[in-house]
Amino acid sequence: MRCDLCFCTETYTKDYEHAYHIKGEEIIFISKRRFCKECNNLVYDKDLDNEAGRKAIDIYNKKFGIQKE
């Protein structure tokens with residue numbers, strides 16, 4: 001993984017407050033994200049980013065009583 005701003009390849013993870021908007025509802029939660037060690041920019045991490053998306057959908061579904069089939 002590499003930073004899009006400074007091209008540094010050294011990264012770290014930390015808790016990050018996400019705010020997703022799903023069907024007009026704001027879903028806010030904390031999960032891990034990857035950051036650049038050099039400039040602290042968010043760095044794309046397929047696994048962490050996909051996990052956050054799934055978590056947002058799960059929270060939305062629980063909030064509105066939508067069950068998995």
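All values below were derived from every heavy atom in this structure, side-chain atoms included, with hydrogens, water molecules and symmetry-related copies excluded.
Considering only residues two or more places apart in sequence or on other chains, Tyr44 meets the ring-ring contact (aromatic ring centres under 6.0 Å, His included) condition with none of them.
Counting heavy atoms from C-beta outward, Asp49 and Arg33 have side chains that approach closer than 4.5 Å.
The neighbour count for Glu38 CD, taken as heavy atoms of other residues, nucleotides or ligands under 6.0 Å away, does not exceed 12. More than 12 heavy-atom neighbours from other residues, nucleotides or ligands sit within 6.0 angstrom of CZ on Phe35.
Cluster partners of Ile22, by chain and number: Tyr20, Ile27, Phe29, Ile57, Ile59, Tyr60, Phe64, Ile66. The rule joins Ile, Leu, Val, Met, Phe, Trp and Tyr whenever side-chain heavy atoms lie under 4.5 Å apart.
Minimum interatomic distance between Arg2 and Val43 (heavy atoms only, all atoms of both residues): O-CG1, 3.8 Å.
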Please output the side-chain donor-acceptor pairs of residues 3-14 that fall under 3.5 Å, not counting sequence neighbours, one pair per line with the distance.
unit_1, atom_1, unit_2, atom_2, d
Thr11, OG1, Arg34, NH1, 3.0
Tyr12, OH, Asn40, OD1, 2.7

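Interatomic distance, NE2 of His18 versus CD of Glu26, reported as 13.0 Å (0.5 Å rounding).
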